[in-house]
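In what follows, chains are A, B, ... by sequence order, proteins preceding strands, each numbered from 1.
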Number of protein chains: 2
Amino acid sequence: MNLRELAASLGLSQTTVSRALNGYPEVSTETRLRVEAAARAANYQPNSRARRLATGRAMTIGHVITHTGETEMVNPIFADFLAGAGEVYAREGYDLLLSIVHEGAAERAYRQMAANGSVDGVMVQGPRVEDPRIGLLQELGLPFLVHGRTGESGGYNWLDIANLRAFRRATEFLLDLGHRRIALINGQEAMDFAARRRRGYEEALRARGIAPDPALMSADVMTEGYGHRAAANLLDRGNAPTAFLVSSVISAIGVRQAAIERGLQLGRDISIITHDDVLSYLNNDAEGPAFTATRSSIRAAGRRCAEILIERIKHPNAPFVHELWEAELMVGRSTGPAP
Amino acid sequence: MNLRELAASLGLSQTTVSRALNGYPEVSTETRLRVEAAARAANYQPNSRARRLATGRAMTIGHVITHTGETEMVNPIFADFLAGAGEVYAREGYDLLLSIVHEGAAERAYRQMAANGSVDGVMVQGPRVEDPRIGLLQELGLPFLVHGRTGESGGYNWLDIANLRAFRRATEFLLDLGHRRIALINGQEAMDFAARRRRGYEEALRARGIAPDPALMSADVMTEGYGHRAAANLLDRGNAPTAFLVSSVISAIGVRQAAIERGLQLGRDISIITHDDVLSYLNNDAEGPAFTATRSSIRAAGRRCAEILIERIKHPNAPFVHELWEAELMVGRSTGPAP
DNA sequence: TGCAATGCCCAAAGCGCTTTCAATTCTGGT
DNA sequence: ACCAGAATTGAAAGCGCTTTGGGCATTGCA
């Protein structure tokens, strides 16, 4: 059933039927009701391809997700972020076009989306300290929103969590507990969030007169194995750290495992603070938080990011939106006074 | 730049330009080369909205992912599955339309995709033993492929792993090591894969004259917390199991944690076998597999599923494809003789 | 040389909507 | 009874592409 047939069956023009269904005012209430009833009865659904061509809007938002490096790893937090954003898209009538490509192919993916007209805007995730995507998208004139931000955080919309403050705060918390040798198990520091977290960590140490020790810091893609490996190395040396600051729960699980294998008890012999994105399948909250953590829901971020992006698409010339979310510090059972 | 302008700039008709770019034979090689060069120079990209309307094909595949139950959990294996499928889609020129909805809203999502014409086919993941989606999609006449299968596995395409055999094999492996009290920490048994795994487990036990003990079996959404809780309960009772068979690495991490908290050493005091979907961020292989596991890459499955689905879209009347993959049993450090 | 078969290209008709512009009918005010 | 203006409705022109149905040269064959 298409519009023409529906119109014919009602003895009306396509124009009127289209207007009635799209809520235009110049249709009498009586006809509108008749049209709506008929549409429902016939289970009429406007053809989205035709509508998109006619309106020039794609009613679609693009997410380009890159997998990193040799491991081809897909960051698992994307699933929860997408779930949050997807909720809002569905509510607002937008589709979500997902493109998972290797890092090097991202630029082509964006260019294609822009030239193609298959999306009205794109979501940018996991920005690097210097990220070519920002400039590219500005040049392409495609509305976009960055979850996170780059060093240069001026001329575009972003939503970020206060990574620096979160990690400074977490470090201070450990310092207050008497820890002096605190390790940082960070994500890749080319990523903006990781660079900020490191700065927060270093600032807190320096403020107490402790010089950051490069030997206590590592940075890599945040898998469980990486957490395990990095912690094992540190714990097996002389002068091992008494506390770990870890950038993701997944890596923190590896760190915990390394500690346990060495007979160390969490919260007594060793302390761990992790950043917790509140992933649904790694609930840190189950029976009281296992890990002390800086916490901020990635899913909630996804929701809000979608809202801001849609707002931008509707009003491309509105002033830029910058939203900075504080992470909360949740005290769990993985921290305690320095031994 | 659109087709008309490009054609005008070349002094050719739209027809010829369109044919030249789409590889139709009735264009002279000379003109084809001229057209291709001009298109490249002008960075011409056909408008996908117009093309879709004209061809009637959406060149898009829909994935409807449901989140389950109260926790609103998004199964993390979807990210890797999508990455695999996405590779193939990109290669074949298809887009991936992702819809993440609450379970109850899935039917509407499918109906809309079908009525709307926004996709050429859909991928169905995580089927239940009886899954209404199969019948719905058959009725809607939308090409689809099921990753997994249902009890009724006849009239549709699917790709599945041999869940029953994998878990029978794993159980036999534990029995051969002398274990007699083996716990099953399964996924929700309304899900087809979990039901089959349970049958494999029970078959293996019965074949050795051991009656399956309901007290040793549990089934739930496979989070880390669930694994921890279930294992803790079993270990704290009298007559605790000496081995665990776990349906996902994430839950297995919880099980391991519970064991360790009780001073048990993996592979000596307690054995764990898990199913490993080879998630990129939970590499079980890092420095020799930590867990003994039945293993099958979800990403490889995603790739193959995409291929089969696209094949189906191209040839809707081809005979049904059923592909059953064996999972391999990888022996790691988490299993040993019964104490 | 004549005629059918190719080869190559074009005009125009869709695809199924939205939207502009115009026409018609109804009002209310005079 | 007459007319401006509001209220409704329709015809038709796109949106930018693909594809059908020719048309005109050129070639191959008798």
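Note that the CG atom of A/N317 and the CZ atom of A/F320 stand 9.0 Å from one another [nearest 0.5 Å]. Once rounded to the nearest 0.5 Å, the distance linking CD of B/Q138 with CZ of B/F144 reads 4.5 Å. Taking CG of B/N22 as the start and OG1 of B/T55 as the end, the distance is 10.0 Å to the nearest 0.5 Å.
Of the residues in residues 30-49 of chain B, those placing a heavy atom less than 4.0 Å from an atom of DNA chain D are B/Y44, B/P46, B/N47, in numerical order.
Here A/S18 reaches the OP1 or OP2 of C/dT18: one of its side-chain N or O atoms lies under 4.0 Å away. Dashed line: the shortest gap from a side-chain N or O of A/R51 to OP1 or OP2 of C/dT18 is under 4.0 Å. OP1 or OP2 of D/dT8 has not a single side-chain nitrogen or oxygen of A/Y24 nearer than 4.0 Å. The phosphate of C/dC10 has OP1 or OP2 within less than 4.0 Å of a side-chain N or O from B/T16.
Residue A/T15 is in base contact, counting any heavy-atom pair closer than 4.0 Å across all strands shown. Note on B/G11: only backbone sugar-phosphate atoms sit closer than 4.0 angstrom, heavy atoms only; bases stay farther off. Counting non-hydrogen atoms under 4.0 angstrom, B/R52 reaches nothing in the nucleic acid.
Put simply, CD on B/Q14 is 16 Å from P on D/dT20, counting in whole angstrom units. Between A/N22 atom CG and C/dT19 atom C1' the separation is 11 Å, expressed in whole Å. If you measure from atom CZ of B/R57 to atom P of D/dC17, you get 15 Å, rounded to the nearest angstrom. Between the P atom of D/dT8 and the CG atom of A/L12 lies a distance of 14 Å, rounded to the nearest Å. Rounded to whole Å, atom C1' of C/dT19 lies 13 Å from atom CG of A/L3. Rounded to an integer number of Å, the gap from B/R19 CZ to C/dG7 P is 14 Å. One interatomic measurement links the two molecules: CZ of A/R4 to P of D/dG10, which rounds to 16 Å at whole-angstrom precision.
In this structure, of D/dT19, C/dT18, D/dG10, it is D/dG10 that holds the atom nearest to the side chain of A/S13. Of the candidates C/dC9, D/dG16, D/dG14, C/dC9 carries the atom nearest the B/E26 side chain, counting heavy atoms from C-beta on. When distances run from any side-chain atom of B/N2 to the nucleotides D/dC17, D/dT18, D/dT9, the shortest one goes to D/dC17.
Taking the six-membered ring where the residue is Trp, A/Y94 and A/Y89 present tilted rings, their angle falling between 30° and 60°.
Remark: B/E30 CD is loosely packed, at most 12 non-hydrogen atoms of other residues, nucleotides or ligands lying under 6.0 Å away.
Residue pairs meeting the side chain to side chain donor-acceptor pair (under 3.5 Å) criterion with at least one partner in residues 121-133 of chain B, sequence neighbours excluded, are B/H63-B/Q125, B/E103-B/R128, B/D131-B/R133.
Taking both residues in full, the closest heavy atoms of A/H322 and A/N157 are given as CD2-CA, 4.4 Å, listed atom of the first, atom of the second, then distance.
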